[in-house]
Amino acid sequence: MEAPLVTLQSGPREKLRLAFAVNGEERELLVEPYKTLLEVLREDLGLTGTKHGCELGECGACAVLLDGELALSCLVPAVECGGRAVTTIEGLRDGPELHPLQAAFADHGAAQCGYCTPGMIVAARWLLDRKPDATRQEIADALAGQLCRCTGYQQIYEAVESAGRVLRGLPPLPPVVAAVHGEEPHGR
Amino acid sequence: MADDREATPRPGPRALDDDRPAPRPGAASPAPGLAAVGKPLRKVDVRGKVTGETRFADDFTMPGALHMKLVRSTVPHARLLSVDPSAALAVKGVRCVLTGKDFPIAYGLMPVSQDEHPLCNDKVRFVGDPVAAVVAADELTAQEAAAQVRVEYEPLRTIATPQEALATADPRIHDYGDAPNVHKLVAFDFGDVPAALAGADQVFEDRFFYQGNTHLPIEQHAALAWVDPDGRVTIVSSTQVAHYVHKAVARALALPPARIRVIAPPQGGGFGGKTDPFNHEIVVAKAAMVTGRPVKIALTREEVFLCHRGRHPTLMRMRTGVKDGRIVGHSVETVLDGGAYGSYGVASVHYTGALETVTYRMDRYRFRGCRTFTNKPPCGPKRGHGTPQPRFGLEVHLDKICEKLGVDPAEWRIRNAVPPDTVVANWMRVRTTGLVACLEAVVKASGWRERRGRLGRGRGLGIAASSYMTGAGISITFGDLPHTGVQLLLDRGGGVTAFCGASDVGQGSDNVLALIVAEVLGVEVGDVKVVTGDTSLGPVDLGSYSSRVTIMMGNAAIQAAERARDRLAAAAAAKLEVPASRLCFAGGRVFDVEDPARGLTFAEAVQRAEAQAGTVGTVGSYSPPTPTPRYKGGGVGPSPTYSYSAAVVEVEADEATGELSVEKIWVAHDIGRALNPVAARGQVVGSVYMGLSEALMEEQEFRRLPPKLSRALVHQAPSMLEYKSLTFHEMPEVETILVEEPDAMGPFGAKEVGQGPLLPIPPALANAVHDALGIRVDEVPITPHKVLAALAAPDRRYGPAAFPDVPWPEPLLVPPPWEGGDGKATNERKRERRLPGAKP
Amino acid sequence: MMRLPRFRYLAPASLPEAVKVLGDLGPEAMPLAGGTDLVPNMKRRQQTPANLVGLRGLAALRAVSGDAGRGLTLGAMTRLAEVERGPVAAGWPALARAAATVATPPIRNTATLGGNLCLDTRCSYYDQGEEWRRSIGYCMKREGETCWVAPGSDRCWAVSSSDTAPVLCALGAEVTLLSRGGERRIPVAELFADDGIRHLSRRPDELLTAVHLPPVEAGQRAAYVKLRRRGSFDFPVLGVAARVRLSAGGTVEAARIFLGAVGSRPQEARAAADFLVGRRLGDEEVIREAARLAAQVAKPMQNTDLTLGWRKGVAREYAARALRELVG
Ligand SMILES: Cc1cc2nc3c(=O)[nH]c(=O)nc-3n(C[C@H](O)[C@H](O)[C@H](O)COP(=O)(O)OP(=O)(O)OC[C@H]3O[C@@H](n4cnc5c(N)ncnc54)[C@H](O)[C@@H]3O)c2cc1C
Ligand code: SF4
Ligand code: FES
Ligand code: FES
């Protein structure tokens with residue numbers, strides 16, 4: 001990294017070389033400086049699992065892990081990602097098996113339209129990597145940068161809790177179903 | 001189910017006698033237990049959503065695609081003098097610029113409101129109205145060039161509010177409508193309400209305001225269009241209404257419908273925001289035709305706010321006469337701020353009165369509705385379409401009435417609930433109703449009786465109930481065609497493909513389709529492949545709105561599946577030498593109920609049927625029963641059946657700052673039957689969330705600059721940051737209770753669940769705030785400054801002071817069923833004038 | 001999709017190189033730290049520097065040194081997520097708290113302390129897309145003449161919206177500014193100017209390199225209370241930062257109070273602070289009077305979320321809440 005005075009420099013219409021790791025694979029490409037990581041992932045690399053709802057940092061749909069930290073890909077110029085490791089929703093599972101978070105979101109109804117889901121799951125992964133037994137308050141604190149218009153968040157809490165258990169080697173929680181009037185409440 | 005249409009309605013309240021039997025789960029066998037219905041199974045489409053593989057509209061691209069940007073009006077109201085694209089065309093990378101001249105034909109969603117042009121022709125009507133489209137090699141270049149398009153305007157006076165619209169004869173935003181800047185006026189008298197009020201013990205009057213708000217789906221609208229090698233204009237778009245887009249493109253571009261294909265991939269939320277055909281969808285198709293290249297457009301969040309079609313800001317006045325504790329007369333007047341175009345507005349204004357009658361008994365009912373035009377993005381349908389506003393008014397109004405009468409508002413509601421099998425004052429037909437059960441459920445769960453009024457100052461409980469349609473009885477486009485169709489193809493491997501035009505907006509319709517077909521045919525849900533949201537690959541479905549998909553598509557799916565089952569049964573009966581009536585379809589097999597070992601696999605049964613009479617394909621379709629109301633305008637509001645909801649909200653109110661924190665919500669919903677209990681609960685909680693978000697903070701508000709200095713009228717905060725919606729932190733725990741009383745109209749008894757539970761939340765919150773602080777905020781949203789203002793006001797109230805003068809037309813006189821008549825108006829005139837130049 | 005405008009990207013490899021580049025390019029260049037303010041502003045074309053100078057490669061700007069006894073120096077590129085935890089949380093919890101209320105978790109993982117101090121002032125007539133601003137004929141802050149918040153005014157009233165700034169002011173923190181010409185170290189309060197357009201005393205060729213927290217004194221207490229609509233995402237519409245030193249007996253010996261988001265720079269509530277000195281915080285009367293005095297310096301304008309009258313009205317209550325926190 002040392003030596004040159006200015007390590008990278010571009011003209012406004014020149015492309016810059018970007019070498020980084022995406023979901024564990026080394027990628028190298030030329031990018032326009034104006035493109036954010038979001039645009040490069042979706043448009044240059046075809047990884048459309050990462051979504052966008054504002055491109056201004058205001059919704060959380062574009063969340064990815066950047067060197068293991070939750071980040072908004074719409075706010076990061078791609079040229080700043082050289083040498084870094086990016087994990088997107090596509091990188092969550094290795095093989096056909098769903099990641100416990102993905103399985104839990106599917107089982108607990110935590111994905112309705114599914115549009116906030118990639119960002120939500122990536123954010124939840126960031127949390128559970130640090131705290132697999134996160135409390136509801138900790139889940140709210142960690143996911144508070146992700147907006148969802150469909151679920152009312154409740155089933156997301158339940159999915160994250162269930163996945164946390166699986167990551168801790170415990171059995172998953174059964175999905176909560178509504179109480180039916182006249183019957184004894186069931187579920188949890 | 002056209003053959004299931006009802007007989008001509010007879011006057012008077014009566015029981016229903018013509019319900020068709022509930023669908024039978026097995027061909028001719030005693031019904032076995034349900035295998036898939038009611039089970040907490042994963043949705044069929046959920047895997048793609050959690051892996052990121054589901055492709056939403058903006059995830060589609062084509063090699064060589066060009067990108068389009070719309071140039072939008074920067075003035076709110078003006079004659080369009082000229083659009084000069086030359087500077088934009090000179091930008092390197094620009095392929096073409098389209099203007100209003102390329103789009104001479106108007107379009108619109110409703111046949112009576114064909115008032116939009118894909119790009120404005122002679123006038124612009126709000127900041128954001130598109131005037132040109134720039135197509136370039138990439139999106140940034142298109143954006144840069146769009147700034148180079150020179151537009152000349154001759155400004156016209158800006159009309160910002162309904163009051164201004166009512167007071168302004170000139171200029172007119174449109175040259176049609178029931179009065180100069182009034183889109184639509186409606187007036188109904190279901191009995192003589194003034195006489196009823198005169199005879200009442202007490203008469204109550206209230207004014208309410210419900211602010212406009214928008215859908216804010218996280219997915220922004222996007223569309224990709226190309227001309228297929230076979231000449232078909234193909235559009236992939238984030239739309240809830242592929243069929244209406246198809247129609248609008250055909251009309252506006254004068255193309256033969258058979259040469260257009262609209263694909264609606266799953267939407268990243270819609271909530272009604274993607275139920276109009278949009279200008280960008282038509283323009284992008286034209287751009288693809290002009291350039292011969294695929295063309296893509298993806299709207300920014302700000303543009304999504306400008307597309308809008310959201311909740312109408314609505315002023316209301318309600319008057320109610322009570323005698324011996326019951327409503328003898330009820331009057332509702334509404335004034336809607338419609339924005340710049342018609343959209344669904346004619347339906348919206350009717351909806352502000354149509355469902356006022358289906359919850360509580362009322363002897364007579366009077367309704368006046370007015371939709372004005374203003375120079376703002378058009379309003380339209382948002383979750384609950386036109387009904388959350390009067391529902392808020394009615395439920396708060398009743399809370400005040402109960403307070404004055406000294407009765408418990410929950411008890412009053414239970415006592416006055418419309419009973420099942422009733423034709424109500426405005427001739428809507430209620431079949432099953434879980435209203436009382438819903439109320440009882442939330443009263444019990446919340447500890448209402450023990451806790452209300454006893455939580456101490458600053459904490460309170462509020463209750464409200466509501467009802468919503470399960471699909472509309474009449475389609476927006478009128479006509480006698482079915483509202484949906486399902487087509488099945490059974491293959492020799494035992495796979496079933498179900499085709500339907502419906503598209504999944506996140507509500508789970510793909511799953512419902514697979515589930516129902518699987519249940520009827522006794523196969524696994526995973527054996528059913530659904531092909532939806534494609535006008536070339538499936539029968540028409542009118543779209544994902546109006547809570548219509550489960551009931552309509554579901555019934556069509558049952559019909560198609562039963563027809564398939566009959567074919568398989570006939571073939572299997574021949575093979576097994578068992579009467580078809582003894583065959584049961586379950587567990588992937590077709591077998592003799594009396595000797596279950598005797599049977600075929602499902603795949604063998606398909607093969608036998610194919611050998612017997614050729615490829616196994618069937619169709620089903622659905623038309624709702626003929627509506628009971630027969631007066632003009634009575635087409636808005638009838639539904640095959642209504643869902644009911646009730647909610648109790650517990651709030652903590654900070655007296656020093658007026659800030660509210662909602663601690664918990666109990667909600668009960670009459671769903672008929674939950675086809676998938678996990679998904680159903682999700683719909684309930686999601687609806688509650690949206691209702692609460694509206695009630696606490698959402699506002700589609702506009703900003704006018706000092707008129708001496710500027711004519712500007714702009715959206716106050718077209719961003720996700722400043723248009724406030726609830727985050728994890730503000731959303732309380734919701735306890736959901738489902739009331740399951742299967743309704744014969746619904747597939748396996750199911751009613752709607754995607755919209756209804758939103759409705760009781762805003763009024764329940766307002767009522768809870770009253771319980772906490774003794775104040776009335778007669779407005780939505782209930783923001784901290786309104787709470788403080790009400791605390792400081794002598795009458796402890798914050799809300800609209802006045803109701804505008806409206807030139808109401810002579811009302812249609814429709815006697816309620818118990819006052820004679822046949823559901824027709826006694827004074828109906830000939831058909832109204834149509835919009836000049838509009839084709840019916 | 002909103003896109004950045006075109007720009008030239010430079011990534012200096014060393015601090016001297018960075019200040020050389022900034023010196024050469026002057027106002028034509030802007031430093032890019034976490035980008036969580038600058039990137040949205042550029043997408044909205046509020047700021048359109050021809051050159052972006054990426055600071056990511058400058059390890060010197062990430063250095064953290066010192067402790068509660070000696071004071072702490074935080075490199076300008078310290079991320080807010082780090083300010084929330086570690087030595088700051090241990091010694092200066094009010095600052096950690098302020099950092100923890102900024103925006104959202106993913107933003108705090110990227111956003112830097114230096115960027116938070118240099119955050120552009122905000123205004124609801126200004127934090128809008130290019131077309132929106134064109135529709136109102138722009139405003140004085142960029143491309144227009146009129147200030148729509150106060151049309152007769154000859155200045156811009158855009159709001160200083162940083163959460164950490166008022167706390168750093170109250171704590172008496174300092175910043176180092178480095179340019180080709182050398183280094184200067186100034187109190188954080190002097191970094192800000194009372195003008196929505198030229199809101200920083202930092203020159204375009206200067207780099208903010210470090211923030212210095214003074215040693216924690218015996219009896220030091222500090223608090224930060226933020227008023228905003230939601231528990232996440234939202235900028236402050238009022239931030240109350242207070243720092244006192246209490247005697248062993250609980251009497252206030254020194255006090256400093258700053259209000260954020262109610263002016264173009266953090267507003268010092270000197271009268272309130274002076275009033276507190278010599279008094280005891282346990283006395284609710286004292287808190288109320290100090291809060292009343294503090295609220296007087298709040299000069300909110302109608303250019304943020306929530307209504308002006310309400311924001312004025314609750315300033316006292318929020319000031320009192322911050323002061324009460326000092327007691328506990
Ligand atoms: C949705 C959203 C919500 C937000 N909410 C809040 C909030 O609640 N409170 C809050 O305080 N902020 C908020 N922010 C703003 C922003 O995220 C933070 O202020 C953040 O700390 C800025 O830091 P940064 O490193 O990202 O700055 P950048 O965007 O990189 O830079 C900001 C400015 O500082 C300049 N700059 C940066 N570093 C230096 C340096 N070392 N020397 C000289 N100049 C420098 C840049 O040139 C630029 O002008 C929000 C932003 C978003 C998008
Ligand atoms: S305060 Fe006035 S000049 Fe400054 S940004 Fe706002 S409107 Fe523009
Ligand atoms: S797209 Fe909304 S935060 Fe990035
Ligand atoms: S599932 Fe639709 S936005 Fe979250």
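What's counted below: heavy atoms across the whole structure, side chains too, no hydrogens, waters or symmetry copies. Treat the numbers as computed from the prediction; the structure is a model and nothing was measured.
Counting heavy-atom pairs closer than 4.5 Å to chain A, the top residue among B/P677, B/G682, B/G48, B/S693 is B/G682. Your options are A/A106, A/C148, A/A140, and the one with the most heavy-atom pairs under 4.5 Å with chain B is A/A106. The residue among A/E43, A/R93, A/E32, A/E90 with the most heavy atom pairs within less than 4.5 Å of chain B is A/R93. Contact tally against chain A (heavy-atom pairs below 4.5 Å) for B/E302, B/E735, B/H729, B/E440: the top residue is B/H729. Considering only heavy-atom pairs separated by less than 4.5 Å from chain A, the leading option among B/F728, B/F271, B/F56 is B/F728. Comparing A/G57, A/G49, A/G53 by heavy-atom pairs within less than 4.5 Å of chain B, the highest count is held by A/G53. Ranking A/C54, A/G145, A/G152 against chain B, the residue ahead of the rest is A/G152, based on heavy-atom pairs under 4.5 Å. Among the candidates B/T736, B/I218, B/V304, the residue making the largest number of heavy-atom pairs closer than 4.5 Å to chain A is B/I218. The greatest number of non-hydrogen atom pairs below 4.5 Å with chain A, out of B/S687, B/S719, B/P40, is found for B/S719. In terms of heavy-atom pairs under 4.5 Å with chain A, the best-connected choice from B/E722, B/E741, B/H215 is B/H215.
Interface remark: B/A437 contributes backbone and side-chain atoms alike to the contact with chain A (heavy atom separation under 4.5 Å). Interface residue A/I121: only side-chain heavy atoms are found under 4.5 Å from chain B. With a 4.5 Å cut-off on non-hydrogen atoms, B/T51 touches chain A through its backbone and its side chain both. Heavy-atom distances place both the backbone and the side chain of B/V685 under 4.5 Å from chain A. Of the atoms belonging to B/E53, it is side-chain heavy atoms, and not backbone ones, that fall under 4.5 Å from chain A. The parts of B/V50 that come within reach of chain A are both its backbone and its side chain, each placing non-hydrogen atoms under 4.5 angstrom from that chain. Only the side chain of A/I156 comes within contact range of chain B, with at least one heavy atom under 4.5 Å from a heavy atom of that chain. Contact annotation for A/H99: neither backbone nor side-chain heavy atoms come within less than 4.5 Å of a heavy atom of chain B. The contact between B/D138 and chain A is made entirely by side chain atoms (from C-beta outward), counting heavy-atom distances below 4.5 Å.
Using a distance-only test at 3.5 Å, with no hydrogens or angles considered, a donor-acceptor pair links the side chain of A/Q155 to the main chain of B/V678. A donor-acceptor pair is defined here as one N or O able to donate and one able to accept, closer than 3.5 Å; such a pair exists between the side chain of A/Q154 and the backbone of B/V734.
Ion pairing between B/E139 and A/K35 fails under the 4.0 Å rule for side-chain N and carboxylate O. At a threshold of 4.0 Å, the pair B/D58-A/K51 does not count as salt-bridged, since none of the basic side-chain nitrogens sits closer than that to a carboxylate oxygen.
The side-chain hydrogen bond (donor to acceptor under 3.5 Å, both in side chains) contacts involving residues 140-153 of chain A comprise A/Q137-A/D141, A/R149-B/Y689, A/R149-B/E698, where partners must be two or more places apart or lie in separate chains.
Using a 4.5 Å cut-off on side-chain heavy atoms (C-beta onward), A/L56 and B/R301 make no contact.
Between the NE2 atom of A/H52 and the CD atom of B/E219 there is a distance of 8.0 Å, given to the nearest 0.5 Å. With values rounded to the nearest 0.5 angstrom, B/D59 atom CG is found 11.0 Å from A/L47 atom CG. One distance of note links OG1 of B/T727 with CG of A/L143; it measures 10.5 Å at 0.5 Å rounding. With rounding to the nearest 0.5 angstrom, the OG1 atom of B/T61 is 10.0 Å from the CZ atom of A/R42.
In the model, B/Q220 has a side-chain atom that pairs as donor or acceptor with a side-chain atom of A/E55 under 3.5 Å.
Residues from residues 664-674 of chain B never place a non-hydrogen atom less than 4.5 Å from a non-hydrogen atom of chain A. Interface with chain B: from residues 109-118 of chain A, residues A/G109, A/A111, A/Q112, A/C113, A/G114, A/Y115, A/T117, A/P118 qualify, criterion being any non-hydrogen pair under 4.5 Å.
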Output a table of donor-acceptor pairs, distance under 3.5 Å, between side-chain atoms of residues 58-78 of chain A and any protein atom two or more places apart or on a different chain; print 'none' if there are none.
| residue | atom | partner | partner atom | Å |
| --- | --- | --- | --- | --- |
| A/E58 | OE1 | B/M720 | N | 3.2 |
| A/E58 | OE1 | B/L721 | N | 3.1 |
| A/D67 | OD1 | A/A85 | N | 2.9 |
| A/D67 | OD2 | A/R84 | NE | 3.2 |
| A/E69 | OE1 | A/W126 | NE1 | 3.0 |
| A/S73 | OG | A/C62 | O | 2.7 |

